[in-house]
Amino acid sequence: MPEKITVDDNGNLIVPDDPIVPFIQGDGIGVDIWPAAKTVLDEAAAKYGKHIAWKEVAAGEKAYKDTGEWLPKETLETFSEYVVGIKGPLTTPVGGGIRSLNVALRQALDLYVCLRPIRYFSGVPSPVKHPEKVDMVIFRENTEDVYAGLEVEAATSVAAKMISFFSETLGWEIRSDSGIGIKPVSAYASKRLVRAALNYAKKHNRRSVTLVHKGNIQKFTEGAFRMWGYEVAHDEFADCAVSWDECGGEAGDKILVKDTIADITFQQVLTRPDEFDVIATTNLNGDYLSDALAAQVGGIGIAPGANINYETGRGVFEATHGTAPKYAGADKVNPGSLLLSGVLMFEHLGWGEAAQDIVRAMERTIAEKIVTYDFSRLMDGAKEVRCSEFAMEVVKRL
């Protein structure tokens with residue numbers, strides 16, 4: 001009998017063998033990648049006597065056509081009630097309404113960590129010489145920074161009032177035809193993000209946590225993020241972590257906590273990626289970095305993503321790419337991003353063995369050059385298969 005996932009007083013998930021898990025198929029290619037990913041997830045779970053009772057909920061174009069809402073209140077309530085869910089890509093309405101359905105979902109459920117593990121699968125075509133050196137996990141703060149959406153349109157009365165206020169109060173000279181955006185970065189959100197990154201590094205035996213910021217210029221937001229991050233490391237993790245300033249880079253068996261400026265980080269993850277392990281950063285930096293790193297290992301077509309609140313146990317796992325509507329229904333695209341996001345979901349549920357089975361089966365499938373079109377066109381001797389066929393090839397190797 002299907003049961004709900006629940007959470008104990010310490011934020012730990014209580015997961016039955018047959019949990020009810022809400023899902024959003026997604027717009028565009030969601031019609032292709034969701035069935036493919038679901039096939040593999042179901043087969044992997046069944047090996048260990050688990051069965052997921054999938055519960056479909058609506059968002060995006062499908063929801064708008066049926067209800068006139070892009071993100072119905074019922075959908076948010078369902079994800080909150082059932083604790084853990086998964087979703088395909090969603091269309092962002094243009095010219096009004098919700099700024100981004102993904103951002104709205106994260107903020108409404110306070111899913112403060114955007115988790116993006118990025119690693120290389122042997123055989124995947126890459127634009128860099130040594131993609132195998134990329135093995136990083138990005139903790140991107142999900143609720144603040146410019147993604148908070150605190151903006152005022154140019155040439156409006158509110159913008160004029162703000163420009164006048166800043167001029168009179170702080171002496172800031174802002175052009176009169178400017179749009180205004182507010183970039184909040186709080187101690188609360190920064191500390192819980194770094195705390196989650198350090199807990200992850202400790203649990204997974206990772207060797208370092210790097211705080212990525214632009215604190216040399218934005219001293220009271222990005223610079224404060226850096227400062228608060230070090231405070232968490234010093235005050236809460238002294239038993240297992242040490243800062244670069246304290247040890248000169250020689251951390252021994254402790255987690256090394258260090259920091260880098262955002263623009264330099266983009267160079268260094270290319271020139272010496274093996275020096276990075278876990279990265280903790282603000283929202284916009286994390287957005288850029290996660291996609292740039294994904295490009296080094298084959299693209300966002302196989303880049304997983306998760307949005308998690310480690311305090312409540314809630315999580316929504318998602319494909320990290322767009323809807324690619326011109327390919328919708330063609331059974332053509334790579335389901336890897338959504339499938340590997342399902343792997344992250346299994347890990348979150350405590351189903352680690354099933355998660356590893358999927359990863360190993362996917363590794364073997366790609367190593368045998370059985371791939372979808374995005375990889376086959378860049379690989380010699382590849383066997384190109386459809387989206388659904390790729391899923392079945394992975395199932396064969398579970």
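All residue numbers refer to positions in the sequence shown, counting from 1.
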Check whether any side-chain heavy atom of [X] sits under 4.5 Å from a side-chain heavy atom of [Y], and report yes or no.
X	Y	value
Lys87	Phe23	no
Lys133	Val297	no
Lys214	Ile261	yes
Trp351	Tyr48	no
Leu293	Val269	yes
Ile302	Asn334	yes
Val137	Leu115	yes
Leu193	Val113	yes

If you group Ile, Leu, Val, Met, Phe, Trp and Tyr by side-chain heavy-atom gaps below 4.5 Å, do [X] and [Y] land in one group?
X	Y	result
Leu211	Leu284	yes
Leu150	Met162	yes
Ile366	Val385	yes

Backbone N/O of [Y] and side chain of [X]: donor-acceptor pair under 3.5 Å:
X	Y	result
Gln107	Tyr147	yes
Ser167	Ile163	no
His348	Gly313	yes
Lys369	Asp380	yes
Thr323	Leu90	no
Lys254	Ala238	yes
Asp277	Arg207	yes
Ser178	Ile174	no
Glu141	Thr143	yes
Thr320	Ala303	yes

Step through the shown structure and confirm whether more than 12 heavy atoms of other residues, nucleotides or ligands are within 6.0 Å of [atom1] on [X].
X	atom1	value
Phe266	CZ	yes
Glu81	CD	yes
Phe220	CZ	no
Tyr373	OH	yes
Met227	CE	yes

- Item | By side chain to side chain contact (heavy atoms under 4.5 Å, CB included) - contacts of Ser388 (at least two apart) |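 For Ser388 the side chain to side chain contact (heavy atoms under 4.5 Å, CB included) partners, ignoring immediate neighbours, are Asp331, Arg386.
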- Message: Suppose we screen for side chain to side chain contact (heavy atoms under 4.5 Å, CB included). Which residues come up paired with Ala37, at least two apart in sequence or across chains?
- Response: Leu338, Leu339
Using residues 245-252 as the side-chain source, report each donor-acceptor pair under 3.5 Å to any protein atom, sequence neighbours left out, with the distance given to one decimal.
{"from": "Glu246", "atom 1": "OE1", "to": "Ser243", "atom 2": "N", "distance (Å)": "3.0"}
{"from": "Glu246", "atom 1": "OE1", "to": "Ser243", "atom 2": "OG", "distance (Å)": "3.0"}

Between [Y] and [X], is there a cation-pi geometry (under 6.0 Å to ring centre, at most 45° from the normal)?
X	Y	answer
Arg206	Tyr200	no
Lys258	Phe276	yes
Arg195	Tyr310	no

Under-4.0 Å salt bridge between [X] and [Y]:
X	Y	value
Arg116	Asp287	no
Arg106	Glu318	yes
Glu363	Arg360	no
Lys62	Glu56	yes

- Looking at residues at least two apart in the chain, or sitting in another chain, which of them share a side-chain hydrogen bond (donor to acceptor under 3.5 Å, both in side chains) with Gln268?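 Applying side-chain hydrogen bond (donor to acceptor under 3.5 Å, both in side chains) to Gln268 gives none.
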Any side-chain donor paired with an acceptor under 3.5 Å for [X] and [Y]?
X	Y	result
Thr265	Thr260	yes
Thr271	Gln267	no
Ser186	Glu144	yes

- Query: Tracing side-chain links under 4.5 Å among I, L, V, M, F, W and Y, which residues wind up in one group with Ile300?
  - Reply: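 Other cluster members: none.
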- Message: Clusters formed by hydrophobic residues whose side-chain heavy atoms approach within less than 4.5 Å: which one holds Trp244, and what are its other members?
- Response: Leu256
- Pairwise side-chain hydrogen bond (donor to acceptor under 3.5 Å, both in side chains) hits with a residue in residues 219-229, at least two apart: Lys183-Glu222, Glu222-Thr282, Glu222-Asn285, Arg226-Asp259
- Task: Please list all pairs passing the side-chain hydrogen bond (donor to acceptor under 3.5 Å, both in side chains) test where one or both residues lie in residues 16-30, with sequence neighbours left out.
- Result: Asp17-Lys50, Asp27-Thr91
- Query: Can you name the residues that form a salt bridge (Lys or Arg N to Asp or Glu O under 4.0 Å) with Asp274, not counting sequence neighbours?
  - Reply: none
- What is the distance from atom CE of Met379 to atom CD of Glu384, rounded to the nearest 0.5 Å?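 Separation between the atoms: 11.5 Å.
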- Quick one: pull up CD in Glu236 and NE2 in His234 and give me the separation to the nearest 0.5 Å.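 Glu236 atom CD to His234 atom NE2 measures 12.0 Å (nearest 0.5 Å).
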- Task: Just do the side chain to side chain contact (heavy atoms under 4.5 Å, CB included) check on Tyr64 and Glu69 with the steps written out, would you?
- Result: CA-CA 5 Å; Tyr64 187 74; Glu69 297 180 273; 5.8 Å; no
Side-chain donor-acceptor pairs under 3.5 Å in residues 5-16, sequence neighbours left out?
{"from": "Asp8", "atom 1": "OD1", "to": "Asn10", "atom 2": "N", "distance (Å)": "2.8"}
{"from": "Asp8", "atom 1": "OD1", "to": "Gly11", "atom 2": "N", "distance (Å)": "3.1"}
{"from": "Asp8", "atom 1": "OD1", "to": "Asn12", "atom 2": "N", "distance (Å)": "2.8"}
{"from": "Asp8", "atom 1": "OD2", "to": "Asn12", "atom 2": "ND2", "distance (Å)": "3.3"}

- Query: After noting the C-alpha distance and the side-chain angles of Arg314 and Val84, does the key distance pass the side chain to side chain contact (heavy atoms under 4.5 Å, CB included) rule?
  - Reply: CA-CA 6 Å; Arg314 287 195 174 87; Val84 173; over 6 Å; no
Which atom pairs, one a donor and one an acceptor, fall under 3.5 Å between side chains of residues 121-129 and the rest of the protein, sequence neighbours left out?
{"from": "Ser126", "atom 1": "OG", "to": "Val128", "atom 2": "N", "distance (Å)": "3.2"}
{"from": "Ser126", "atom 1": "OG", "to": "Gln296", "atom 2": "O", "distance (Å)": "2.5"}

For residues 72-79, which side-chain donor-acceptor pairs fall under 3.5 Å, sequence neighbours excluded?
{"from": "Thr75", "atom 1": "OG1", "to": "Ala58", "atom 2": "O", "distance (Å)": "2.4"}
{"from": "Thr78", "atom 1": "OG1", "to": "Glu74", "atom 2": "O", "distance (Å)": "2.8"}

- Message: Apply side chain to side chain contact (heavy atoms under 4.5 Å, CB included) to residues Ile370 and Val394 and explain how you reach the verdict.
- Response: CA-CA 9 Å; Ile370 301 172; Val394 174; over 6 Å; no
- Item | Minimum heavy-atom distance between Val209 and Ala280, given as atom pair plus value | CG1-CB, 4.4 Å
